[in-house]
2 protein chains.
Amino acid sequence: MKNKFLAIYGDIEAKIKSGDIKPDTLLPSEHELTDLYHTSRETIRKALHLLSQNGYIQKVRGKGSVVIDINKFDFPVSGLVSFKELAQKMDEPPKTIVSKLQLRKPDQFVRQQLNLSSKEHVWEVIRVREINGQKIILDKDYLAQQFVPHLTEVICADSIYNYLENELGLTISFAKKEIVVEEPTEEDELLLDLDGFHNVVIIKNYVYLDDASLFQYTESRHRPDKFRFVDFARRIH
Amino acid sequence: MKNKFLAIYGDIEAKIKSGDIKPDTLLPSEHELTDLYHTSRETIRKALHLLSQNGYIQKVRGKGSVVIDINKFDFPVSGLVSFKELAQKMDEPPKTIVSKLQLRKPDQFVRQQLNLSSKEHVWEVIRVREINGQKIILDKDYLAQQFVPHLTEVICADSIYNYLENELGLTISFAKKEIVVEEPTEEDELLLDLDGFHNVVIIKNYVYLDDASLFQYTESRHRPDKFRFVDFARRIH
DNA sequence: GAGTGGTCTAGACCACTAC
DNA sequence: TAGTGGTCTAGACCACTCA
């Protein structure tokens, strides 16, 4: 890590995670940390700001920075959670089945979601995620071709994100998410083991790149019993 | 507003919202803004950082700050969303029915959620939310008595948050949220108009005060067709 | 009153983009 | 090469908490 404030953030994060710094105690003061890390106070404050944003500490004016009890929660991987990250917590290795992969003209819905003209093409990828032998998640991805010229079944069976970030050098910056519950479509019934469930949980994702361009729309359709979402919301004053 | 950076944030936010600054264009550079607002660059950067965090702009190194198209989304009230905020967007005035209000000893589950000893008491509040004549949400709140000495039916029928923040002077700082889908309990069936639905969406909220103390646990149980959650996730690099 | 975090400044150097 | 945002510094003053 070349950034000083990130290094300090990582150092303190590790100490909190390992229990080296106990929950409900105070961190050393910003002034002390300034000396400890041989840096300026603003740099310390940047690191503490990050810790606060990610739910590790809560800063209290006039008192100090309180360490929050992290073990009370199954802590989320903040930000986007991909299927791969999810699956790593499972006992059995998960399986991805690529059900459809084609380059096509966007229909009106997708065109609208991605701000495209009708001339531009999109990749449509439909994948089924199987965990412990059960088909539980249906992922429908739409990627603007202008950003992703080629796509193969092998890439889709592994991780599209990996390919985008490591091979194409695209950097995903942020996503806007919407979660709703609907009745299953025929497609859901066909491709998933719905097992008698009458609803699916749909996570709609609008994914942006580093340069603020919107390039992907994703729907992740989950069987309700296997769905779980964790969020950390800081109130705006 | 006495904070300079908040004033600048508000000013730019207003210009974006009103369309005064167009989506997909660049903000003036940090240097120009420094002159415009007669301040230092770090102060400008604080304001821009906030705008970026709240999804208004995306900063691109070497280029500038891109204004994001806000109208593509039904923009969330970032942070906690209370029933009152939700209901303001409905056509018909909603109704709250206080189904239970009592001061009791916490059972093991609540004790654990709120880090309480068995001696301390909690307020248990159960409320049904009715929209357009249909009972759609069941809210179960547990508040530690040490923070909230008194509570009446009138307060609960209005807004508990209002009372806490305006009357008691408590400041809610942040919440950790978990969303799951489960089968309805007998209580759900009894109190809600489930209308044949086989699932309820449960939002579990752990609410913290300004001084990092955990004081409230809330379950908000929604009929699935009326549930909607919007999130804005920034990726951590 | 001593110590804490919150805000603000004026300047420096660096990494990246665009031309 | 000029202009952009990203990092870092050393200092100042303020608002708040706690003994």
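Everything quoted here is computed from the prediction, not taken from an experiment.
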The answer to which of Lys63(B) and Arg61(A) contacts DNA chain D further toward the 5' end, by nearest nucleotide, is Lys63(B)

Min and max contacting nt of DNA chain C in 5' to 3' order, chain B heavy atoms within under 4.0 angstrom, are dT7(C) to dA18(C)

In plain terms, say whether Glu30(A) and Lys59(A) are close enough for a salt bridge, that is, a side-chain N and a carboxylate O under 4.0 Å apart.
yes

ask   = Any ion pair linking Arg221(A) and Glu219(A) (charged N to carboxylate O, less than 4.0 Å)?
value = yes

Per nearest nucleotide of DNA chain C, the residue lying toward the 5' end, Leu27(A) or Phe5(B), is Leu27(A)

Distance test, side-chain N/O of Ser29(B) to OP1/OP2 of dT4(D), below 4.0 Å: yes

Comparing nearest nucleotides in DNA chain D, the 5'-proximal residue of the pair Gly62(A), Lys46(A) is Lys46(A)

| message | Distance alone, cut at 3.5 Å: any donor-acceptor contact between the side chains of Gln216(B) and Thr218(B)? | response | yes

Practice task
Report yes if some heavy atom in the side chain of Phe215(B) is under 4.5 Å from a heavy atom in the side chain of Leu164(B); otherwise report no.
Solution key: yes

Leu48(B) CG to dT4(D) C1', in whole Å, measures 12 Å

Asp20(A) and Lys17(A) ion-paired at < 4.0 Å
no

| message | Salt bridge check, Lys15(A) against Asp11(A): does any charged N sit closer than 4.0 Å to a carboxylate O? | response | yes

